[in-house]
Enquirer: 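Handing you a structure now.
Just so you know, ligand 1 is whichever comes first in the structure, and atom 1 is the first atom listed for that ligand. All values derive from a computational prediction rather than experimental measurement.
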Amino acid sequence: MNQESLEASIQTEHFGRNLFYLQTINSTNKWLASLADVGAEEGTVTIATSQENGLGRLGREWFSPEGGLWFSVLLRPSITPAEATKLIFVAGLAVAKTLRKEFRLDARTKWPNDVLIDGKKVCGILSQMKSKGTQSNYVILGFGINANIDIGIFPSELKNTAISLKTKVGHEIPLERLFRIVLLQFETCYSEFAVDGPKHIIEEWKTLSCFLGKAITVKNGCNTLIGKAIDVDPAGKLVLELKSGQTRSISYGDVIT
Ligand code: BTN
């Protein structure tokens, strides 16, 4: 991959037309935030070969050595911050659809931001927002796809929970092509979100879920809730039915299936 070949290969209308291909950097999300703060346009993309300080959800670190696909996309939707939180479903759906179509994999979505294969995480998405009053100023969506990473080099705590595309399909994944098709699918899903609103996207995302209808555990902060995942509501919250029959709407946390 290099700047010229990436620019020449992308098939999107807007996304990635302003593209920054970088070698090892701290984090593509951080890098893009500094561009967004000085007025970068919607669709600007940062992509890096590896990240020294990849950011995960809930303040975690994201393991991002060479071989993965690490990139971020800047969005400037004219919507409220509450609506903008639903963009995570657009990104997850785009990745799951791409992996299903291109590699014939049974890729599944997991609330709120994961894409899984065989119950293991192949992609995580980080959404970061800056808002101005009732409007979101910008949203950065960072995609971390474990493409060509040997399981052997995953840190021990990830060895049983993460998976790499290369391991699953049995050959090296051309990163440039993977980037091109995920970006195109993301732009398509984002247009649908912009035109029709989030309802249809969340509904489609739910059809690919690996956890709805199942008994799950949700950890948020020091709370642990056990119940049946019965829905993801139009606000993007996870609806859990507790043993008592009561339901809880949860806005953040980790789902364990
Ligand atoms: C998670 O599941 O915790 C979210 C992981 C998101 C990782 C990606 S890699 C590209 C982008 N840059 C970052 O620093 N993080 C996101």
Side-chain angles (χ1 to χ4, degrees), residues 1 6 15-16 19-37 40 43-75 85 87-96 98-99 107-117 119-130 138-149 154-155 157-165 173 175 178-179 182-183 186 205 209-211 218-221 236 238 251-257:
M1 268 201 301
L6 279 171
F15 285 11
L19 178 94
F20 296 81
Y21 173 72
L22 304 147
Q23 295 296 323
T24 303
I25 56 164
N26 52 5
S27 147
T28 56
N29 266 41
K30 262 197 202 155
W31 194 287
L32 190 51
S34 52
L35 295 173
D37 286 335
T44 299
V45 167
T46 48
I47 172 166
T49 50
S50 66
Q51 304 180 112
E52 280 169 338
N53 186 20
L55 304 172
R57 257 177 85 235
L58 309 173
R60 296 184 190 124
E61 212 177 286
W62 180 258
F63 179 62
S64 353
E66 209 166 305
L69 182 62
W70 322 124
F71 71 97
S72 305
V73 184
L74 175 63
L75 303 176
T85 59
L87 287 164
I88 195 88
F89 300 106
V90 182
L93 179 62
V95 173
T98 302
L99 301 184
R108 298 268 156 190
T109 53
K110 188 174 113 180
W111 186 87
N113 72 320
D114 294 349
V115 179
L116 309 190
I117 294 169
K120 295 184 175 182
K121 184 156 166 168
V122 70
C123 169
I125 295 149
L126 178 67
S127 172
Q128 294 183 299
M129 189 191 319
K130 190 161 186 178
Y138 64 75
V139 179
I140 290 173
L141 283 163
F143 297 72
I145 306 182
N146 298 327
N148 297 317
I149 303 177
F154 277 113
E157 69 275 14
L158 298 181
K159 279 203 165 81
N160 293 323
T161 56
I163 192 169
S164 155
L165 274 179
I173 307 297
L175 288 183
L178 181 62
F179 171 68
V182 172
L183 194 67
F186 180 47
W205 181 96
S209 98
C210 65
F211 65 97
V218 185
K219 292 199 169 176
N220 65 4
L238 170 65
S251 37
Y252 75 95
D254 289 313
V255 168
I256 301 156
T257 45

Enquirer: Students often mix this up, so state it plainly: with edges at 30° and 60°, are the rings of Phe143 and Phe71 parallel, tilted or perpendicular?
Expert: parallel
Enquirer: Which atoms of ligand 1 sit under 4.0 Å from any heavy atom of Asn113?
Expert: 1 (C), 2 (O), 4 (C)
Enquirer: State the atoms of ligand 1, each with its element, that fall below the 4.0 Å cut-off from a heavy-atom position in Gly144.
Expert: 8 (C), 9 (S)
Enquirer: Provide the number and element of each atom of ligand 1 under 4.0 Å from a heavy atom of Thr28.
Expert: 10 (C), 11 (C), 12 (N)
Enquirer: Given Asn53 and Ser27, is the side-chain hydrogen bond (donor to acceptor under 3.5 Å, both in side chains) satisfied, shown in steps?
Expert: CA-CA 6 Å; Asn53 186 20; Ser27 147; over 6 Å; no
Enquirer: Parallel, tilted or perpendicular, judged at 30° and 60°: which one describes the rings of Phe154 and Phe63?
Expert: tilted
Enquirer: Can you sort out which atoms of ligand 1 are near Arg57, meaning under 4.0 Å from one of its heavy atoms?
Expert: 1 (C), 3 (O), 4 (C)
Enquirer: Would you check if the side chain of Ser127 reaches a backbone N or O of Ile88 as a donor-acceptor pair within less than 3.5 Å?
Expert: no
Enquirer: What atoms in ligand 1 come closer than 4.0 Å to a heavy atom of Trp62?
Expert: 1 (C), 2 (O), 5 (C), 7 (C), 9 (S)
Enquirer: Which protein non-hydrogen atom lies closest to atom 15 (N) of ligand 1, naming both residue and atom, and how far is it?
Expert: Leu55 O, 2.8 Å
Enquirer: Verify, without hydrogens or angle tests, whether Thr161 (side chain) and Lys120 (backbone) share a donor-acceptor contact under 3.5 angstrom.
Expert: no
Enquirer: Side chain or backbone of Leu58 under 4.0 Å from ligand 1, or both, or neither, by non-hydrogen atoms?
Expert: neither
Enquirer: Ignoring hydrogens, just give me the one of Gln128, Gln51, Glu52 whose non-hydrogen atom is nearest atom 12 (N) of ligand 1.
Expert: Gln51
Enquirer: For ligand 1, which atoms, with element, lie under 4.0 Å from some heavy atom of Phe71?
Expert: 10 (C)
Enquirer: Report the part of Lys121 (side chain from C-beta onward, or backbone N, CA, C, O) that has a heavy atom under 4.0 Å from ligand 1; answer both or neither where that applies.
Expert: side chain
Enquirer: As an exercise, identify every atom of ligand 1 less than 4.0 angstrom from a heavy atom of Gly124.
Expert: 2 (O), 4 (C), 5 (C), 6 (C)
Enquirer: Does Lys159 NZ have over 12 foreign heavy atoms under 6.0 Å away?
Expert: yes
Enquirer: Is there a heavy atom in Arg60 that sits closer than 4.0 Å to ligand 1?
Expert: no
Enquirer: Going by the order shown, which atoms of ligand 1 are within less than 4.0 Å of some heavy atom of Ile125?
Expert: 4 (C)
Enquirer: Does Glu52 reach the main-chain N or O of Thr24 with its side chain, forming a donor-acceptor pair under 3.5 Å?
Expert: no
Enquirer: Checking the side chain of Asn148 only, and the main-chain atoms of Ile173 only, is there a donor and an acceptor separated by less than 3.5 Å?
Expert: yes
Enquirer: Run through Lys110, Lys121, Arg60, Lys219 and flag the one making a salt bridge (charged side-chain N to carboxylate O under 4.0 Å, His left out) with Asp254.
Expert: Arg60
Enquirer: Counting heavy atoms only, which part of Ser64 comes closer than 4.0 Å to ligand 1: side chain, backbone, both or neither?
Expert: neither
